[in-house]
2 protein chains.
Amino acid sequence: MSAPAPDVIPLLLVDDHPVIVEGIKNMLRPEEDLQVIIQAHCGTQALELLAAHPEVRVAILDLNMPEMSGVELAQAIRTRWPQVRVLILSMFHDHATVADVLAAGGSGYVLKTASRAELSNAIRRVAAGHTYFSQDVADTLLQNLQIPSALEARQKPALTGREQEILELIAREYSNQDIAESLFISERTVETHRRNLFTKTKSKSVVGLIQYALRNKLIS
Amino acid sequence: MSAPAPDVIPLLLVDDHPVIVEGIKNMLRPEEDLQVIIQAHCGTQALELLAAHPEVRVAILDLNMPEMSGVELAQAIRTRWPQVRVLILSMFHDHATVADVLAAGGSGYVLKTASRAELSNAIRRVAAGHTYFSQDVADTLLQNLQIPSALEARQKPALTGREQEILELIAREYSNQDIAESLFISERTVETHRRNLFTKTKSKSVVGLIQYALRNKLIS
DNA sequence: AACGGTATCCGTACTGGTACGGAGGTGAAA
DNA sequence: TTTCACCTCCGTACCAGTACGGATACCGTT
């Protein structure tokens, strides 16, 4: 087998529907720099073939497959061949799934309604180390990112300045004594602030306090 | 003043550069359903005018303004007029800023390089309660979302199953005793697991432990 | 002038977590 | 089989944090 030209992106295509595999191959045929060099109909087969063809740059995966889901497959690929970029090709896009794909190390998520231009653009971006998400996909994701932050902005029970200072130091694992010394106040005062923090954040212990603080981005 | 037709979206436009204000107005003139009914050159003025014109549906804000930043203004608007959607129009898009905009309750983020079609599309989407982010903006944001998750998958020092269980209960503010009872084990055992967790996460107290857990998405 | 909020301080009593240093049993891998 | 990782358990001692119930002082608003 001859080595692929350097400017060609070798692709792995995984989908359990032969029709779709053929469809995508046909779609990509005019794009000379994108070559599907292996295709598989399930995760196991994909992993086997990948072992024999590590030169693959981008793996295009269907999400809904029997036996092994696209997410699991993505995870497996990213673990064993970190240089292979994963592009998910799917029919639907709910928030949880897209988040899973991201967590599994996927670099892109394209809907099956995508045009030839969008698909090839996505492949090239992903191959170049960037990310690509179809407009709709990015939207659902960002929408779910935004709602909670918009809500929590409203109900913030406003810690006082001093309380925030104390909170920050607690978060840095300072003991009450440390805090007292740092701020030149008595340990009692620190304890009082601490108690007030618990009350205001309705938490029973530092545990809840830290969670509250992280959620509200009062600390990092 | 006559009430605007029901299918018209009344806009507020805020930018400290008159040239840009005019430019955008011109750009939107052909779009009959999008009408800039107020314009302001700073945040204070914007808030004053908004008080007199609460019918505004979408506020288009520049990000870099003297005296009050676009983010602060967005926050102020979302707090006082929650029904007004905020669309940020900006020259640049770094991750931190976009995240700030989201946190401030912004519904969209469009670059000033956007075409008439993109801008008006963005406004309509935002007015309809959706979100809109220019492709590039969404990309930077998502890229910063993805990288850490891909990295942390590698170096996870692997807490044992039991340790994870314990960790979850600690995070729920269970005391050692509570945990012992829940898992039908001795309090001593819980203490040991706890110690091992501290060691493994290199934290001195629950504080660090919880932060570790949240960061690594072991809990939430 | 009276009030509410914030920040500061104190003592006492108790409990829960922490440090330390042990030990035995299991199951899977070498 | 031996080794190792994991889960399990124990005691002792100590200290940090917690609950409670006070107190004073400053500041801005009413």
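Order of the sequence lines fixes the chain letters, A, B, ..., with proteins taken first and strands second; residue numbering starts at 1 for each chain.
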Take atom [atom1] of [X] and atom [atom2] of [N], then tell me their distance rounded to the nearest Å.
X        : N      : atom1 : atom2 : value
B:Asn196 : D:dA5  : CG    : P     : 12 Å
A:Leu183 : C:dT8  : CG    : P     : 8 Å
A:Arg162 : C:dC9  : CZ    : P     : 9 Å
A:His193 : C:dC10 : NE2   : C1'   : 14 Å
B:Glu173 : D:dG17 : CD    : P     : 17 Å
A:Leu197 : D:dG17 : CG    : P     : 14 Å
B:Ile166 : D:dT8  : CD1   : P     : 7 Å
B:Leu159 : D:dA5  : CG    : C1'   : 14 Å

B:Thr192 and B:Val190, any side-chain heavy atoms less than 4.5 Å apart
no
Can you confirm whether A:Ile38 sits close enough to A:Val56 that some side-chain heavy atom of one is under 4.5 Å from a side-chain heavy atom of the other?
yes
Phosphate-side-chain proximity, A:Thr189 and C:dC9, N/O vs OP1/OP2 below 4.0 Å:
yes
Axis-to-axis angle across the helix from C:dA1-D:dT30 to C:dA30-D:dT1, five pairs an end, to 10 degrees?
50°
Please tell me which of the listed nucleotides, C:dC10, C:dT6, D:dC9, lies nearest to the side chain of A:Thr160?
C:dT6
Of all the choices, D:dC9, C:dA7, D:dC6, which nucleotide is nearest to the side chain of B:Lys200 once you look at every atom?
D:dC6
Just to verify, what does [X] make a side-chain hydrogen bond (donor to acceptor under 3.5 Å, both in side chains) with, not counting sequence neighbours?
X        : value
B:Arg162 : B:Glu165
A:Thr44  : A:Glu67
A:Asn196 : none
B:Thr189 : none

Using a 4.0 Å heavy-atom cut-off, write out nucleotides 25-30 of chain D from 5' to 3' as B (base contacted by protein), S (sugar-phosphate only) or - (no contact).
------
Quick one, give me the B/S/- string for nucleotides 11-26 of chain C, reading 5' to 3', where B means a protein heavy atom under 4.0 Å from the base and S means that only happens at the primed atoms, P, OP1 or OP2.
BB----SB-BB-----
Listed partners of A:Ala76 passing side-chain contact (heavy atoms from CB on, under 4.5 Å), at least two apart:
A:Leu47, A:Arg80
Run the side-chain contact (heavy atoms from CB on, under 4.5 Å) test against A:Glu173 and tell me which residues pass, sequence neighbours left out.
B:Ser203, B:Lys204, B:Ser205, B:Val207
My understanding is that only residues two or more places apart in sequence, or in another chain, count here; which of them pass salt bridge (charged side-chain N to carboxylate O under 4.0 Å, His left out) with [X]?
X        : answer
B:Lys112 : B:Asp15, B:Asp62
B:Lys25  : none
B:Arg172 : B:Glu168

